[in-house]
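First the structure, in the form of structure tokens, and then the observations on it.
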Amino acid sequence: MIRFLLARLLSLILSLLAASIIIFAVIEIVPGDPAAFMLGLNASEETVAALRDELGLTRNPVIRYADWTTGMLTGDFGMSYTYRVPVSELVSDRLLVSLPLAIYALVLSTIIALPVGALAAMRRGTVTDIGIMGTTQLGIAIPNFWFAMLLVFVFAIGLRMFSAGGFPGWDAGVLAGLKALTLPAVALALPQGSILARVTRSALLETLGQDYIRTARAKGLSERQTVFRHAFRNALIPVMTILGLQFAFLLAGAVIIENVFFLPGLGRLIFQGITQRDLVVVESVVMLLVFAVVTVNFLVDVAYAAIDPRLRIRS
């Protein structure tokens, strides 16, 4: 197990190193001058040059990359060009919105999708199965931003049960914060839950065809006992893969939903950083999201080994 963890940890470190080089290089070649953007079209060349020097844009790219990576290791992400505050403060404020939103959406999709997928597998070929698969196909096909606007129209404008957007902050109370995140979380959970339900059904159907499942049925176990005692754990490998990918997507890919509901999250911060040519903010936040994705994949690999020791032995 220790050798397995060390191998996965080395892979994590190499992935982060490669990602940091690619992100820095891509940001460097993106057209546009942050200093010229900040000063406007009427600024003189001398003023722009002075601001470029103040922002450190005239230094050697290799030195700036080294300063950026070493700073991230100590929690120093640099200073935002636009807001003139440390990027770490911007990230910490936005993370208090994006992380709970991602967890909330993932919990909603999981608690609905796993039982629904298991039910579809147990009732394979019946009207229940066909109805569930049709509903999940519809959930995948509907764009989440359109579904978000529909939720606003029904529950915010029509029924007035939730606000149409904005975030009051956690100082207003946990219930107020969760209430503000409910509609965005539901909008994000719809396609993710539909995908997870279909994967759960497919994984269970494959497992239910194994010899040990037929043995369990021959011993007199009910269908429910057979599924949840013997089949479900062995079907968790592909399900956990999807869960890991979905959490990373929910954390990094909620840009549209955050803009629909005016949520001050990481996705909206990246969007604002790109439009304002705030390179330090963009590269730091993207690197943080890459770190989250790689770390989640690492934890999923560890969970694989805990669930199925055969994978650990092969590695």
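- Between P264 and F167, the shortest heavy-atom distance links the atoms CD-CB, 3.9 Å.
- Nearest heavy atoms, A102 versus F247: CB-CE1, 4.1 Å.
- Remark: the backbone N or O of L178 is paired with a side-chain donor or acceptor of T182 at under 3.5 angstrom.
- Linking Ile, Leu, Val, Met, Phe, Trp and Tyr whenever their side-chain heavy atoms come within less than 4.5 Å puts L204 and I111 in one cluster.
- A salt bridge between D53 and R59 is absent, with no side-chain N of the basic residue lying under 4.0 Å from a carboxylate O of the acidic one.
- Q272 and Y83 share a donor-acceptor pair across their side chains, judged by distance under 3.5 Å alone.
- Counting only heavy atoms from C-beta outward, the side chains of L106 and S109 approach each other to under 4.5 Å.
- Looking at V152, L151, I157 one by one, the single match for side-chain contact (heavy atoms from CB on, under 4.5 Å) with F155 turns out to be L151.
- There is a side-chain donor-acceptor pair under 3.5 Å between S98 and E258.
- The closest donor-acceptor contact from the side chain of D76 to the backbone of M72 lies at 3.5 Å or more, if one exists at all.
- Evaluated for a side-chain contact (heavy atoms from CB on, under 4.5 Å) with I195, the options L190, I140, T136 yield exactly one hit, I140.
- Neither M122 nor L205 shares a network with the other; the hydrophobic side chains, linked directly or stepwise wherever heavy atoms of I, L, V, M, F, W or Y lie under 4.5 Å apart, form separate groups for each.
- For the pair L181/L263, a side-chain contact is recorded, criterion being any heavy-atom separation below 4.5 Å from C-beta on.
- Counting only heavy atoms from C-beta outward, the side chains of L16 and M287 approach each other to under 4.5 Å.
- Side chain of T110 to backbone of V107: no donor-acceptor contact under 3.5 angstrom is found.
- Expressed to the nearest 0.5 Å, how far CE of M149 lies from CG of N144 amounts to 10.0 Å.
- Residues Q246 and L196 form a side-chain contact, since some pair of their non-hydrogen atoms from C-beta on lies under 4.5 Å apart.
- Residue L119 is not grouped with residue V127 when hydrophobic side chains (ILVMFWY) are merged at heavy-atom distances under 4.5 angstrom, including chains of intermediate members.
- Around atom CD of E206, no more than 12 heavy atoms belonging to other residues, nucleotides or ligands sit under 6.0 Å away.
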